[in-house]
Amino acid sequence: SHAPVVDVLKGQYEISTTVTVKGWVRTRRDSKAGLSFIALHDGSCFDPVQVIALNNLDNYADVQRLTAGCAVTATGTVKASEGKGQALEIEATAIEVNGWVENPDTYPMAAKRHSIEYLREHAHLRPRTNVIGAVARVRNCLSQAIHRFFHERGYFWISTPILTASDTEGAGEMFRVSTLDMMNLPRDDKGNVDYSEDFFGKETYLTVSGQLNVETYACALSKVYTFGPTFRAENSNTSRHLAEFWMIEPEVAFADLSDIAQLAEDMLKYVCKAVLEELPDDMAFFAQRINKDAISRLEQLVDSEFVRMDYTDAIEILQNCGKTFEFPVEWGVDLSSEHERYLAEEHVGAPIIMQNYPKDIKAFYMRINDDNKTVAAMDVLAPGIGEIIGGSQREERLDVFDRRLAEMGLSQEDYSWYRDLRRYGTVPHSGFGLGFERLVAYVTGMQNVRDVIPFPRTPGNAQY
Ligand code: 4AD
Ligand code: MG
């Protein structure tokens, strides 16, 4: 058996013992003294291990042909390193080349700096780079920490469906799923597509959110969450929108807006702390190469209380800040990312919990406040990215809910099962959705959500 590089570098193998590592060459350097230094990485941690190959190896000629990307099994003795940069290294007694790189001159991931756009076009090879490897480890750390956070607090993880007939956000940004023959669609008397002949017997889509489904479980198991992929056919070519993204959606019975805002704050602190503690080397890399504040701002987030602000106050701040925005600001407008980022980056300098938005810009299920103009909604806005969380207290009063449906031209029939939650033992309840890629982008400092998900789906691009 062989050792993960991380275990060797952490000193789990004593000096002078023999160890085998397997991985890929990052760089090779030959010294005049007749030996070669190979940086071998296997993804188990940020750093590669240095393998020293002396020219008395019987296949030393092969060693001298190793290039970035070659797969290698190296066996040797653990030694204290004389070079700087690492404490331990391996002096090889045998090096087996498992896989050569066909033509090193045209290897797309040759050892040099590639632009992030170039890497995006090589999504199948980019996990081999420092940056995408580090992103993958942070992404994993965050998802494990999220599950741990909820598990420790007695939440149940509920699997909500991917295929659905409901448009949770009511924004009409759904991908249709159908088994009908597109060239020969069945039509009813009025000429409309007849979905009764479709697989599910009605129009069906990929889910935009598991919220409505998970509310049913909150109204029985009290504290629940979903964590899964969601899909939006919004034609937004921006650095924060994906057509397929992952969302974490807790839903809590007997909880109001301030409870759920506190949950969001506690969760973000918990998961950021986990990354700082578990992945210091990856975070040091992000601080050095991607965003110099990558570590300090997470430390600050963990240590300070999030600012809570009312939408109405935010509008006033934006109107009086002396800045001209592309989208003019007045009460009633949806905040755009330039507004969100001004507030989070320049006004506060840390994440903000924005609350009580105008009802007309928010979804049908949000609870109407006593002023009849706003809803008990909250978004978390983070520096560098804007909205990372959207949530609310849900309208639990059947009569108020029905009035809102009517106002918005939605039918009671379509929401009959959702209305049942309000008819049978209704309780105040609240929840939010955290966009996972936006969180990973925030934590790493990466500028574009396309670089924090392995295979991004965006308008015009579903390669791989
Ligand atoms: O604000 P949204 O639309 O809220 C909901 O879907 C609610 N049903 C959540 C809930 O209360 N359970 O989306 C929630 C979050 C956003 O704050 C954003 O971080 C992320 O999902 N998000 C996207 N991330 C990447 N690409 C997109 N196209 C996204 N749309 C939303
Ligand atoms: Mg939102």
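These numbers were taken from a predicted model, which means no experiment stands behind them. Starting from 1, each residue takes its place in the sequence as its number. In each ligand, atom 1 is the first atom listed, and ligand 1 is the first ligand listed.
In this structure, Tyr415 has its ring center under 6.0 Å from that of Phe364.
Cation-pi geometry between Lys362 and Tyr357 is met: the NZ or CZ atom falls under 6.0 Å from the ring centre, inside 45° of the normal. Both tests do not hold together for Arg176 against Tyr205: distance to the six-membered ring centre under 6.0 Å, angle to the ring axis within 45°.
The backbone and the side chain of Glu387 each have at least one atom closer than 4.0 Å to an atom of ligand 1 (non-hydrogen atoms only). Here Arg457 has no heavy atoms under 4.0 Å from ligand 1, in either its backbone or its side chain. At a 4.0 Å heavy-atom cut-off, ligand 1 does not touch Thr230 at all.
Here the shortest heavy-atom pairing between Ala314 and Leu343 reads CB-CD1, 4.0 Å.
Taking a cut-off of under 4.0 Å to the non-hydrogen atoms of Gly390, the atoms of ligand 1 that pass are 1 (O), 9 (C), 10 (C), 11 (O), 17 (O). Listed by number with element, the atoms of ligand 1 under 4.0 Å from a non-hydrogen atom of Arg394 are 10 (C), 11 (O), 12 (N). Numbered from 1 in the order shown, with element, the atoms of ligand 1 that lie under 4.0 Å from a heavy atom of Tyr365 read 7 (C), 8 (N). In the vicinity of Ile389, heavy-atom distances shorter than 4.0 Å reach the ligand 1 atoms 17 (O).
Of the candidates Arg240, Arg450, Arg139, Arg139 is the only one forming a salt bridge (charged side-chain N to carboxylate O under 4.0 Å, His left out) with Glu437. Screening Arg26, His41, Arg289 for a side chain to side chain donor-acceptor pair (under 3.5 Å) with Asn130, the sole residue that qualifies is Arg26.
Salt-bridge annotation for Asp194 and Arg187: absent, with no side-chain N of the basic residue lying under 4.0 Å from a carboxylate O of the acidic one. At a threshold of 4.0 Å, the pair Lys22-Asp42 does not count as salt-bridged, since none of the basic side-chain nitrogens sits closer than that to a carboxylate oxygen. Glu407 and Lys359 are joined by a salt bridge, as a carboxylate oxygen and a charged side-chain nitrogen come within less than 4.0 angstrom of each other.
In this structure, of Phe231, Phe436, Phe245, the residue bringing a heavy atom nearest to atom 24 (N) of ligand 1 is Phe245. With Arg450, Glu215, Lys362, Arg232 as candidates, the residue nearest to atom 6 (O) of ligand 1 on a non-hydrogen basis is Arg232.
Between the side chains of Tyr418 and Glu215, at least one donor N or O lies within less than 3.5 Å of an accepting N or O.
When only interatomic distances are considered, the shortest N/O to N/O separation between Leu242 and ligand 1 falls below 3.5 Å. Distances between N or O atoms of Ser209 and those of ligand 1 include at least one value under 3.5 Å. Considering backbone and side-chain N/O of Glu249, one or more are found under 3.5 Å from N/O of ligand 1. Taking any N or O of Gly391, backbone or side chain, none lies under 3.5 Å from an N or O belonging to ligand 1.
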Verdict with reasoning, Arg367 to Glu396, per salt bridge (charged side-chain N to carboxylate O under 4.0 Å, His left out): CA-CA 7 Å; Arg367 193 178 196 278; Glu396 87 284 12; 2.8 Å; yes
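No donor-acceptor pair under 3.5 Å is formed between the side chain of Arg394 and the backbone N or O of Tyr365.
Residue, atom and distance of the protein heavy atom nearest to atom 15 (C) of ligand 1 are Gly433 O, 3.6 Å. For atom 19 (O) of ligand 1, the closest non-hydrogen atom on the protein side is Ile388 O, 2.8 Å. The closest protein non-hydrogen atom to atom 18 (C) of ligand 1 is Arg438 NH1, 3.5 Å. The protein heavy-atom contact nearest to atom 28 (N) of ligand 1 is Glu234 OE2, 2.8 Å. Looking only at heavy atoms of the protein, atom 14 (C) of ligand 1 is closest to Met247 SD, 3.4 Å. Remark: minimum distance from atom 5 (C) of ligand 1 to any protein heavy atom is reached at Glu169 OE2, 3.3 Å.
Contact between Glu437 and ligand 1 is absent, with no heavy atom of the residue lying under 4.0 Å from the ligand. Distances shorter than 4.0 angstrom do not occur between any heavy atom of Val449 and any atom of ligand 1. Within the 4.0 Å heavy-atom shell around ligand 1 one does not find Glu251.
Below 30°, between 30° and 60°, or above 60°: for His339 and Phe327 the angle between ring planes is above 60°, a perpendicular geometry. Ring geometry for Tyr155 against Tyr225 counts as perpendicular: the plane angle is over 60°, on a 0 to 90° scale with 30° as the lower cut.
Coordination check, Glu387 versus the Mg ion (ligand 2): passed, since an N/O/S atom of the residue sits under 2.8 Å.
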